[in-house]
Amino acid sequence: MLGNVKGKVTLITGAASGIGKHMAEKFAEYGSAIVIADLNLDSAQSVADAIKAQYNVETLAVAMDVTNEEQVNAGIKATVAKFNKLDVVISNAGIQTIAPIVDFETSAWKRLIDIHLHGTFLVAKASMQQMIAQKTGGRVLVTGSIHSVEASKNKAAYVAAKHAQLGFVRSIAEEGAPHNISANLICPGFVRTPLVEKQIPEQAKTLGISEEQVIKNVMLGDTVDGEFTTLDDVANVALFLAGFETNALTGQHVLISHGIGM
Ligand code: NAD
C-alpha cells in the first residue's frame, strides 16, 4: 500500500508548528508513532499529547535545537530508548529572514544557514547511524522549498540553504543506498504557516508594495491558479514518500507548488 507508515517510528524536527505539526498529525492518522522535536519542550509536549489523544498512537516530545549536536543526538537516543528504532526522519525545522543581500546581517545569514543546512546534516547523520545499526533501512525526508530550485529577491540565505539541501539529499541517496536508506526533498510552494504570515508584511515593507500585492504577485504570481499550497498537500506527499517501499524514489525533489518552478 502506498503511504504505509503503520507501525513505523517517525521523528520530525520543527514539528510544534506549521508544516511539521501537520505532517506529524498525518503520519499519526496512518498509524506511525511520532516524535515531536522542537526548540521548546512545552510546545513539543502539548503537540505530542494532542496527537496521542486524537490518533491513539505512541508519541514522544524532545527539546531539540537542530544546530546543537548534543541535543540532536540526545533526541535520537531518547527515541530509540522509547521505541527501539527509528524508521523515518523528517528534517523540517526552519526560519526565514527577509533582507536584500547588501543589508543582510551576517549573524542572521549564519543562523539561517546553521538551522537549515548544518541542522539537516546533524539530524541526518545521527538518524542514518541508527538506521544502519538497526539494519532495517529508513527514509530520510527534508523539507526544502521551491527556493531549492529557484531564487527570489530578499531571501538569499534561504535560497542558498534550500539549494544546498538538494545537494545534501542527493548525497544521502548515494551513501544510504547500500543500507536501504532513501532520501528525498519535499519542496512546497507558499503555505500559510506562521513562517509565511510573518513575511507578508516584511516583504511589503522591503519591496514597497501592499500586502495584497505580496500575496498576489510575489507569492502566487507564478502559480498556474493563484492558489496557496495547503498543509495537507505537503503532508500527503511526505506520507507517500515515507511509505514508498522501494528505493526507486531516492535523491528526488518534489515540487508541491501549483506549478511554481515547473
Ligand atoms: P513554522 O514557523 O510554522 O514552523 C517552524 C518550526 O521550526 C517552529 O516550530 C520552530 O520552533 C522550529 N524551529 C526553528 N528553529 C529551530 C531549531 N533551531 N531547532 C528546532 N526547531 C526549530 O514554519 P513552516 O512554514 O511550518 O516551516 C517548516 C519548514 O517548511 C521550513 O523548513 C520551511 O523552510 C519550509 N517551507 C515552508 C514553506 C511555507 O510556505 N510555509 C514553503 C516551503 C518550505
Side-chain angles (χ1 to χ4, degrees), residues 11-26 35-48 61-76 89-98 108 110-123 126 141-150 152 155 157-166 168-169 185-200 202-203 214-215 218-220 222-223 227-235 237-238 253-258 260-261:
L11 181 147
I12 306 173
T13 69
S17 174
I19 290 172
K21 177 168 174 255
H22 196 68
M23 291 194 290
E25 291 162 349
K26 177 73 68 178
V35 184
I36 304 289
D38 212 306
L39 289 173
N40 180 289
L41 184 58
D42 290 342
S43 311
Q45 190 67 58
S46 74
V47 172
V62 294
M64 183 190 289
D65 179 340
V66 295
T67 65
N68 180 319
E69 189 161 15
E70 276 174 23
Q71 289 184 21
V72 170
N73 292 345
I76 305 287
V89 68
I90 308 182
S91 174
N92 167 80
I95 61 168
Q96 179 61 279
T97 303
I98 302 291
K110 284 185 174 167
R111 181 67 183 155
L112 193 149
I113 300 284
D114 208 17
I115 293 170
H116 289 265
L117 187 53
H118 190 197
T120 294
F121 159 68
L122 292 176
V123 169
L141 300 180
V142 176
T143 310
S145 163
I146 44 162
H147 291 105
S148 299
V149 295
E150 65 174 42
S152 291
K155 295 184 177 177
Y158 190 81
V159 169
K162 291 300 188 191
H163 273 66
Q165 285 181 334
L166 176 54
F168 183 58
V169 158
L185 191 70
I186 299 165
C187 300
F190 288 92
V191 186
R192 293 200 84 151
T193 66
L195 181 138
V196 159
E197 296 296 348
K198 180 172 165 283
Q199 68 180 271
I200 294 171
E202 289 173 355
Q203 285 272 43
V214 170
I215 292 172
V218 179
M219 295 186 164
L220 304 179
D222 287 340
T223 62
E227 299 275 343
F228 276 100
T229 296
T230 67
L231 291 171
D232 224 34
D233 294 328
V234 181
V237 172
H253 60 287
V254 182
L255 304 186
I256 318 158
S257 63
H258 289 259
I260 305 176

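Predicted model, so just to flag it, every value in this text is computed and none were measured. Just so you know, ligand 1 is whichever comes first in the structure, and atom 1 is the first atom listed for that ligand.
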task = Out of Ile95, Leu195, Val62, indicate the one that has the non-hydrogen atom closest to atom 27 (O) of ligand 1.
result =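 Checking each option, the heavy atom nearest atom 27 (O) of ligand 1 is found in Leu195.
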
task = Tell me which one of Thr193, Leu39, Ile19 gets a heavy atom nearest to atom 37 (C) of ligand 1.
result =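 The nearest heavy atom belongs to Ile19.
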
Closest protein heavy atom (residue, atom, distance) for [atom]:
atom                    : answer
atom 40 (O) of ligand 1 : Val191 N, 2.6 Å
atom 42 (C) of ligand 1 : Gly189 O, 3.0 Å
atom 7 (O) of ligand 1  : Gly14 CA, 3.4 Å
atom 19 (N) of ligand 1 : Val66 N, 3.0 Å
atom 8 (C) of ligand 1  : Asp38 OD2, 3.7 Å
atom 35 (C) of ligand 1 : Thr143 CG2, 3.6 Å
atom 5 (C) of ligand 1  : Gly94 O, 3.7 Å
atom 43 (C) of ligand 1 : Pro188 O, 3.4 Å

request  = Please indicate whether any nitrogen or oxygen in Thr67 is less than 3.5 Å from any nitrogen or oxygen in ligand 1.
outcome  =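 It does not: no N or O of Thr67 is found under 3.5 Å from an N or O of ligand 1.
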
message = What I want to know is whether Ala37 and ligand 1 share at least one N or O pair that is separated by under 3.5 angstrom.
response =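 No, there is no polar N/O contact under 3.5 Å.
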
inquiry  = Using heavy atoms and a 4.0 Å limit, tell me yes or no: is Pro194 in contact with ligand 1?
reply    =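 A heavy atom of Pro194 does come that close to ligand 1.
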
message = I'd like to know whether NZ of Lys26 has more than 12 heavy-atom contacts from other residues, nucleotides or ligands below 6.0 angstrom.
response =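 Result for NZ/Lys26: enclosed.
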
query = Counting from 1, what ligand 1 atoms have a heavy atom of Phe190 closer than 4.0 Å?
reply =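 It comes down to these atoms of ligand 1: 40 (O).
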
query = Quick one: which ligand 1 atoms are inside 4.0 Å of a heavy atom on Arg111?
reply =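 Counting atoms of ligand 1 from 1, those under 4.0 Å from Arg111 are 18 (N).
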
ask   = What is the minimum heavy-atom distance between Val149 and Leu255, and which atoms define it?
value =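 Of all heavy-atom pairs spanning Val149 and Leu255, the closest is CG2-CD2, 4.0 Å.
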
